[in-house]
Structure formats: C-alpha cells, structure tokens
There are 2 protein chains.
Amino acid sequence: MTTTNSLTAEDLGSAAQRDRRRRILDATIALASKGGFDAVQMRAVAEQADVALGTLYRYFPSKIHLLVSALARQFEDTQSMVSRKPVPGDTPSERVIYVLRRATRGMQGDANLTDALTRAFMFADASVATEIHVVGMQMTAMLTRAIKGEAYVEGEQPSDEDVAIARVISDVWLSALVSWVTGRATAEETAEHIETAVRLVLR
Amino acid sequence: MTTTNSLTAEDLGSAAQRDRRRRILDATIALASKGGFDAVQMRAVAEQADVALGTLYRYFPSKIHLLVSALARQFEDTQSMVSRKPVPGDTPSERVIYVLRRATRGMQGDANLTDALTRAFMFADASVATEIHVVGMQMTAMLTRAIKGEAYVEGEQPSDEDVAIARVISDVWLSALVSWVTGRATAEETAEHIETAVRLVLR
DNA sequence: TTCGGAACTGCAACGTGTTTCTATTATGAC
DNA sequence: GTCATAATAGAAACACGTTGCAGTTCCGAA
C-alpha cells in the first residue's frame with residue numbers, strides 16, 4: 001500500500017522547495033483564517049502561494065491533506081513556543097485544564113481557522129492516516145506532559161494509563177471544539193464541558 | 001436566522017409525501033451501505049428513490065442533512081427495538097459497556113454505512129444543528145438509561161452529572177468510530193479504547 | 001558546459017454537490 | 001368542477017475538488 005503522503009519539510013531537497021511548501025501552508029492558514037473551510041479553495045491557495053495548481057497537488061495530494069498538514073505545523077509552532085516552561089498547576093487535573101484552556105482560547109481566537117482545521121481533521125479518511133498520526137502524537141505529548149508535570153522528562157515514554165487518559169481527553173476536546181465551531185455550543189459551554197471531562201477522567 | 005431544516009415526518013401533510021421521504025431515506029441507506037459516503041450521490045439517491053433531484057433538495061437541503069437524518073432514523077429504529085427490555089448488568093459501567101458493545105458491533109457490521117453516517121455527522125456545520133441535536137439527544141438518552149439501569153423511569157430527567165458523563169462517553173465513542181472507519185484503528189482497538197474510557201469515567 | 005530527467009506552469013476537462021428555471025401535476029378552497 | 005397555489009419533474013448550468021497533459025524551467029551528473 002503506497003499511500004501518497006504530503007511532502008514533509010524533510011522530503012524536500014532544495015531551499016526553493018521548502019519555501020514553496022512554506023508559502024503553500026501560509027496561504028492555507030491565511031485563507032482559512034479569513035473564511036474557514038470553504039474559503040480554502042485549491043485554486044485560491046495555489047494563486048496566493050504563487051504556485052501552479054498541479055504543484056500544489058504534488059505537495060499535498062488533497063485539500064484534507066493540506067489542511068491537516070497545516071494543523072500539524074500550527075500545533076508544532078505553538079508547542080515549541082510553550083514547551084520550554086513547565087506546566088503550572090499542582091495536580092494533573094489542574095495542569096491539563098491549564099493547558100487545554102490555553103489551547104482552547106487560542107483556537108477560539110480564530111474561529112474560521114479552527115473551523116477549517118478541525119473539520120478537515122474529522123473528515124480525514126484512511127489516506128490521511130500519516131498526517132493524522134502526527135497530530136495525534138503532538139496532542140498526546142502535550143497532554144501526557146501536562147499530566148506528569150514536574151515528573152516529566154524529555155523523551156521518556158508515558159505509561160499506557162497516561163496515554164489512555166490523554167486519548168480520552170483529546171477525543172472530548174476535539175468533539176467540544178467541533179460543537180463550538182458549528183455553533184452547537186457557546187465558548188463557555190465548551191470550556192465547561194472540557195473541564196468536566198478532565199475532572200471525571202483524572203481522579 | 002431561519003436556517004433551512006430537513007423536512008421531518010411530522011412536517012409532511014400527505015401520505016404521498018411521507019412515502020417520498022421514506023423512499024429517499026431508504027435509498028440513502030442502501031447506497032451508503034453499498035459504497036459508503038462517496039457512494040451516496042445526490043443524483044443516485046434521487047433516481048433510486050424515484051424522485052427528482054430538486055425534490056430531494058426540497059426534503060433535505062444538503063447531502064449532510066440527508067445523511068444525518070438517515071442516521072437519526074436508523075438510531076430511532078434500533079432504539080425502539082431494544083428499549084423495551086432493561087439493560088443487563090450490575091453496575092453503570094457494565095451496563096454502558098454492554099450497550100456500547102452492542103451498538104459498536106452493529107456499526108461494525110456495516111462498515112460502509114457507518115462510514116457514511118459518522119463522516120456526515122462529524123462534518124456537519126451549523127446549518128445542520130437541528131438534525132445533529134436530535135441524534136445527540138438519542139445518544140444521551142441511550143446512555144443515561146444504561147447508567148441508571150433499574151432505577152431508570154420513562155420520561156424522568158437524568159441528573160446533570162449523568163448527562164455530563166453521557167456526553168463524554170458519546171464523544172469518545174464517536175471519535176473511536178471515526179478512527180475505526182478511517183482505518184486508523186482496528187475493531188479490537190476501538191472496542192478497547194471505548195471500554196477504557198467508560199471505566200475511567202464511571203468510577 | 002551540456003544533457004537528461006524531474007519539477008513546475010498554465011490550462012482544459014471531468015465528477016459531483018448545489019442552484020435555477022420552466023413545464024407539468026397534485027391539492028385544497030370555494 | 002374550477003381555480004389558485006404549492007409540489008414535483010426534468011434538465012441545464014454553476015462551483016470547486018481533482019486529474020491530465022503539453023510545454024517550459026530547474027538541477028545534478030558527466
């Protein structure tokens with residue numbers, strides 16, 4: 001099964017190619033931020049990134065691949081800015097809630113972008129497994145780090161239990177974001193639901 | 001905001017109209033069952049339901065509305081068959097796992113249908129809020145009933161706590177189904193993840 | 001520097017969800 | 001039964017994701 005994946009930064013030999021990739025993702029984020037999922041139109045992305053449509057499809061084999069890759073980059077950028085300081089809070093539950101509140105506020109600060117990224121993530125099918133997996137790992141890492149707090153050491157594998165808990169919380173977080181993005185819940189309800197879930201799951 | 005909703009059975013005056021609606025949903029389920037989300041093509045649904053394309057759109061304003069309505073009907077049918085007998089199991093956790101196992105097996109018995117219905121559910125935007133809400137209510141009802149067990153009485157409002165728990169479990173259940181449908185998790189992993197979550201949330 | 005292949009451009013075309021429009025048919029008030 | 005109105009059929013057209021292709025440009029090996 002040679003599923004066609006998105007080209008990652010490492011796949012790309014020349015600086016010009018890495019720059020093309022960057023421009024494409026920048027254009028994607030910009031368009032998503034302006035009008036959500038529907039505004040991310042492949043022709044528009046190509047034009048704004050100053051790249052031919054065919055080239056766009058060579059880098060990202062579908063709109064969903066494109067958006068999930070954009071999500072991965074966003075996530076990575078955010079995490080690299082935050083992950084130096086330890087997560088504040090005395091209990092796992094406090095720390096997880098702190099992290100999620102931060103992340104949720106970030107997402108809610110740009111509803112259109114969140115719309116585009118979460119909808120793509122939820123709609124992704126098997127062909128996007130690789131890209132999805134990247135995001136899943138990032139999310140798990142963020143949450144297990146918060147669960148462990150001071151006890152966290154770089155590179156160490158979290159326990160199965162912690163991973164299971166992290167997965168449950170990610171599931172709830174994603175669903176909650178979807179509910180918010182689609183107007184089925186307010187920002188407050190969303191935050192509350194997430195925190196309730198965290199308290200239920202963490203002791 | 002007068003969002004256009006799907007026509008429900010009660011909206012429809014004549015028997016001929018209710019029959020058209022039924023034929024449309026039958027065709028939707030049949031096509032979904034054969035080829036999943038992509039196979040539910042509006043022209044194909046219209047043809048198989050013996051209805052003009054414009055009529056199909058009068059009954060269901062989009063493919064997503066159509067599929068989520070189909071999901072609601074499926075859910076309702078299943079529940080009405082099951083909800084007479086009490087849920088077996090001595091603890092809330094056992095009962096919820098029983099119910100979810102049943103439901104999950106049902107979904108996994110028809111992967112294509114599940115693909116179509118869950119993907120539609122997750123992709124739905126604000127305009128589908130009404131239809132989504134129906135399904136959410138059904139799911140909550142199923143779960144709170146399982147949580148309460150013998151103590152359940154028809155028509156009584158479940159406690160806030162039980163509703164919160166039910167929502168967390170639905171979130172996880174849906175995410176797990178999506179992972180399974182998109183080939184990111186096997187049936188066993190899916191079942192295991194769901195049961196882990198239930199045990200975490202229910203004491 | 002030259003050459004061959006890979007990458008890129010520009011553009012046309014296709015499939016499917018959605019919209020629109022006109023002609024026809026069913027329905028309900030009188 | 002007649003008429004006004006709503007519902008439906010049928011078909012064309014549009015929008016956007018995706019594919020295919022001919023020509024051009026870039027890049028590394030010789």
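Just so we're on the same page: letters track the sequence lines, and every chain starts at 1.
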| request: With the side chain counted from C-beta on, respond yes when A:Met137 and A:His133 share a heavy-atom pair under 4.5 Å apart, and no when they do not. | output: yes
To the nearest angstrom, the CG-P distance between A:Leu7 and C:dA7 comes to 9 Å
So, is A:Tyr59 close to the C:dC8 phosphate, meaning a side-chain N or O under 4.0 Å from OP1 or OP2? yes
Assert: residue with more 5' nearest nucleotide on DNA chain D, out of A:Gln41 and A:Pro61, is A:Gln41
Taken to the nearest whole Å, CZ/B:Arg23 to P/D:dA7 is 17 Å
From OH of B:Tyr57 across to C1' of C:dT18 the rounded distance in Å is 5 Å
Rounded to whole Å, the NZ-C1' distance (B:Lys63 to D:dC16) equals 14 Å
Of the listed D:dC27, D:dA9, D:dC16, the closest approach to the A:Arg43 side chain comes from D:dC16
Assert: residue with more 5' nearest nucleotide on DNA chain C, out of B:Leu53 and B:Arg20, is B:Leu53
- Query: B:Ser62 and B:His65: side-chain donor and acceptor closer than 3.5 Å?
  - Reply: yes
Atom CZ of B:Arg119 and atom C1' of C:dG17 are separated, to the nearest Å, by 15 Å
Nearest-nucleotide check on DNA chain D, A:Asp38 vs A:Gly54; residue mapping nearer the 5' end is A:Asp38
Between the side-chain atoms of A:Arg58 and the base atoms of C:dT9, is any donor-acceptor pair under 3.5 Å?
-> no
**Any A:Gln17 side-chain N or O less than 4.0 Å from OP1/OP2 of D:dC26** = no
Separation of C:dT16 atom P from B:Leu66 atom CG, nearest Å, is 16 Å
Tightest non-hydrogen contact, residues B:Arg184 and A:Ala124, listed as NH1-O, 3.9 Å
Rounded to whole Å, the CG-P distance (A:Asp19 to D:dC27) equals 12 Å
Centre of B:Phe37's six-membered ring, under 6.0 Å away, within 45 degrees of the axis: is that where NZ or CZ of B:Lys63 sits?
yes
**Request:** Could you tell me whether the phosphate oxygens of C:dA7, OP1 or OP2, come under 4.0 Å of any side-chain nitrogen or oxygen in A:Thr55?
**Result:** no
| Contact class for B:Val45 vs. all strands (heavy atom < 4.0 Å): base, sugar-phosphate, or nothing? | nothing
Looking only at heavy atoms, the pair that brings A:Ala197 and A:Val172 closest together is CB-CG1, 3.6 Å
Rounded to whole Å, the CG-C1' distance (B:Leu67 to C:dG17) equals 12 Å
